[in-house]
Amino acid sequence: MKDRRARVRRRERGGAVAIVLVIVAIALALALGYWLGTRGMQSHGEVATAASGDAGKDGKKILFYRNPMGLPDTSPTPKKDSMGMDYIPVYEGEDQDSGSGIKISSEKIQKLGVRVEKAQRRALDAVVRASGRIEIDERRLTTVTAKYEGYIERLIVNATGQGVRRGEPLFEAYSPDLLAAQREYAVAMQALQKMAGADEATRAGMQRLADAALARLGNFDVTDEDVKRLAAGGEPRRALSFRAPAGGIVLEKKAVQGMRFMPGEMLYQIADLSRVWLIAEVFEQDIGRISVGQRARIAFDAYPGQQFEGKVTYVVPVLRPDTRTAQVRIELANPRGQLKPAMYAQVELPVATGKPEITVPASAIIDSGRRQVVLVDKGEGRFESRDVKLGARGTDFVVVREGVQEGESVVVAANFLLDAESNLKAALGGMTGGSNAGKVSHTAEGVLDDVDAKTGQMVITHDPVKSLNWPRMTMEFVPANEAVAKQIKPGEPITFEFVERKPGEWVVTKMERRR
């Protein structure tokens, strides 16, 4: 029994000692990890300091410090990024371009014919341009019809396009109804004259008959001249002249010599062309700048060198879906008849200038349809490509809402050549390391932590990268193709090569399992 108790006590003492040893081992491990991490941070700072010091020994002036990850961010003083990496100094004489710009020599600038202008605040002298056509003023269009049945005995205006004046005879017509109305009025007037000595009631009754006959002649549009002749005792005429109710040009003629016509039947259509309409087709983006009362300048191919003026009288409230335009009606005088219906015209509508805004010449805009870009002159042969947000367009200038500040110089000539060179540089940069163009790709060791099955994006914890002055850290990388990480499983140690395709995007071009 005593021996058993002794063995139990020894076993308990052994367990306590083991626990103490485990606690001590954990404490030593934590202390060692802290020491190694501190030493790594110190060595990283020493490396960065040493690199900065070595670079400064050649006597070159430090212009600024750029982001070590290639992002478009610079600093005039040394600093660290969000991951604790030192910004890289850029020295005088080095390529200072960011991923969105280029640098070319002064000789090449002269050869390309590059010309720049400053962005300035100005009130736009804007003009909305549109095409249009002449149409007849609908309010000056007259359809000629008769109010009685009859026959055309003599046709006077006998051709389409013939000009007529108001009250001019168009034809002579015979009508039994018209002849009967003339006789009634003539008889009533003769009887009224013979009853000069009759009593008042008899004269009043005859006067009513005469007035009724006169009203009937008026309904038949008999002229005052013919009425006065009948009242003076003249004989009724078998055929009376039918006169034009309005002046203008005969656009359509249905009247024919000897034809019978019915009440309401169209015989002529006459248009007064002393004033006409111009229907302009204004594009959807410009319709908001058009208002009633606005003046318009019009030019016609038929009359080169001549300019006509008109006024906007109506803006059609419906957009035409096939052309994405709205019709604007412009009225203009046509005293000499120069403007013919269906004639085409070019219209300029000056619009309100508004307050001064930042503008650049229209030639400075490189428009790809999806984005608008300008090239900004940064000096010393450096040009930066910037996306801009545009506003209203004027005759020669465009308002820039975002992307360019007042006073900055933008390229207005040869900008397409510079843009092509910038795109070429970007393509080459993507093959050689983005902002590190001209250098070999970077090599590092690490562990493949994870691979996104959908996007293929990889998470890698890599050791320090000397070529980029990077410490040990975990980052996201993009594979150059699907085969890069096909043979590697997450968790395995790797050796890999990578380049910077564009600022902040690092692409793995080769990956192998580390032995």
Side-chain angles (χ1 to χ4, degrees), residues 133-192 205-277 279 329 334 337 340-342:
R133 66 189 179 279
I134 294 294
E135 291 190 1
I136 299 168
D137 187 341
E138 296 172 358
R139 299 166 300 184
R140 297 172 179 268
L141 190 62
T142 303
T143 297
V144 178
T145 63
K147 298 176 182 177
Y148 49 86
E149 179 185 352
Y151 301 85
I152 298 177
E153 292 201 340
R154 187 167 72 94
L155 192 64
I156 300 173
V157 175
N158 54 12
T160 301
Q162 187 173 342
V164 296
R165 294 188 298 271
R166 180 183 177 88
E168 182 179 345
L170 298 177
F171 57 87
E172 290 182 357
Y174 161 72
S175 171
D177 294 337
L178 186 58
L179 184 58
Q182 291 182 76
R183 286 173 177 169
E184 288 178 6
Y185 181 68
V187 170
M189 291 302 296
Q190 291 173 6
L192 189 61
M206 189 55 67
Q207 183 64 51
R208 286 194 294 271
L209 289 175
D211 291 342
L214 179 62
R216 191 178 180 190
L217 291 175
N219 292 336
F220 287 157
D221 294 330
V222 176
T223 63
D224 293 340
E225 180 182 351
D226 289 329
V227 170
K228 290 178 181 179
R229 180 179 53 79
L230 292 171
E235 290 295 324
R237 290 182 177 176
R238 183 176 182 278
L240 289 181
S241 296
F242 190 100
R243 300 180 181 273
I249 303 298
V250 176
L251 297 182
E252 191 172 357
K253 182 188 75 69
K254 295 293 183 69
V256 179
Q257 180 83 25
M259 72 173 285
R260 177 190 178 189
F261 58 87
M262 301 299 291
E265 182 180 355
M266 189 192 79
L267 301 175
Y268 295 91
Q269 193 171 57
I270 300 174
D272 179 7
L273 301 181
S274 60
R275 294 191 68 84
V276 293
W277 286 351
I279 305 300
R329 182 194 301 162
N334 186 29
K340 279 95 176 149

Problem set entry | Short side-chain to backbone donor-acceptor contact, N334 and L273, under 3.5 Å | yes
Seminar exercise, completed: Here the pair of heavy atoms bringing V227 nearest to Y185 is O-CE2, 3.8 Å
Exercise. Between R216 and L178, is there a donor-acceptor pair closer than 3.5 Å when you use the side chain of the first and the backbone of the second?
Worked result: no
For this session: Hey, could you give me the CZ/CG distance between F242 and L155, rounded to the nearest 0.5 Å?
Result: 12.5 Å
Exercise. Does some side-chain heavy atom of R329 sit less than 4.5 Å from a side-chain heavy atom of I279?
Worked result: yes
Exercise. Out of curiosity, Q269 CD to T143 OG1, how far, rounded to the nearest 0.5 Å?
Worked result: 4.5 Å
Seminar exercise, completed: Distance col, row W277:CH2 vs I134:CD1, nearest 0.5 angstrom, shows 12.0 Å
For this session: Apply side-chain contact (heavy atoms from CB on, under 4.5 Å) to the pair V222 and L230, showing each step before the final yes or no.
Result: CA-CA 11 Å; V222 176; L230 292 171; 5.7 Å; no
Exercise. Does E149 offer a backbone N or O that forms a donor-acceptor pair with the side chain of S175 under 3.5 Å?
Worked result: yes
Problem set entry | Taking every non-hydrogen atom, the tightest pair across P245 and T142 | CG-CG2, 4.0 Å
Exercise. Say you draw a straight line from OH of Y148 to CG of N219; how long is it, rounded to the nearest 0.5 Å?
Worked result: 12.5 Å
Seminar exercise, completed: Closest non-hydrogen atoms of R243 and E225, given as atom of the first, atom of the second and distance, are NH2-OE1, 4.3 Å
Problem set entry | Close side-chain approach of P341 and E135, heavy atoms under 4.5 Å | no
Exercise. Can you tell me if D272 and S274 form a side-chain donor-acceptor pair at under 3.5 Å?
Worked result: yes
Exercise. Heavy-atom count around R133 CZ within 6.0 Å, excluding the residue itself: above 12?
Worked result: yes
For this session: Might you point out which heavy atoms bring M206 and A188 nearest each other, and give the distance in Å?
Result: CG-O, 3.9 Å
Exercise. Nearest 0.5 Å, what's the NZ-OG1 distance between K254 and T145?
Worked result: 12.5 Å
Problem set entry | Distance-minimising heavy-atom pair for M189 and A210 | SD-CB, 4.0 Å
Exercise. Does the side chain of Q162 come within less than 4.5 Å of K253's, by heavy atoms?
Worked result: no
Exercise. Parallel, tilted or perpendicular: which fits the ring planes of Y151 and Y174, with parallel below 30° and perpendicular above 60°?
Worked result: parallel
Problem set entry | Inter-residue atom distance R238.CZ - L179.CG, 0.5 Å rounding | 8.5 Å
Exercise. For the side chain of Q182 and the backbone of R237, is there at least one donor-acceptor N/O pair under 3.5 Å apart?
Worked result: yes
For this session: Could you tell me which non-hydrogen atom of P236 sits nearest to which non-hydrogen atom of R183, and how far apart they are?
Result: CG-CG, 3.6 Å
For this session: Please examine the side chains of L141 and L251, heavy atoms only from C-beta on, and report whether any two atoms are closer than 4.5 Å.
Result: yes
Exercise. Of V164, I156, L267, which meets side chain to side chain contact (heavy atoms under 4.5 Å, CB included) against L170?
Worked result: V164
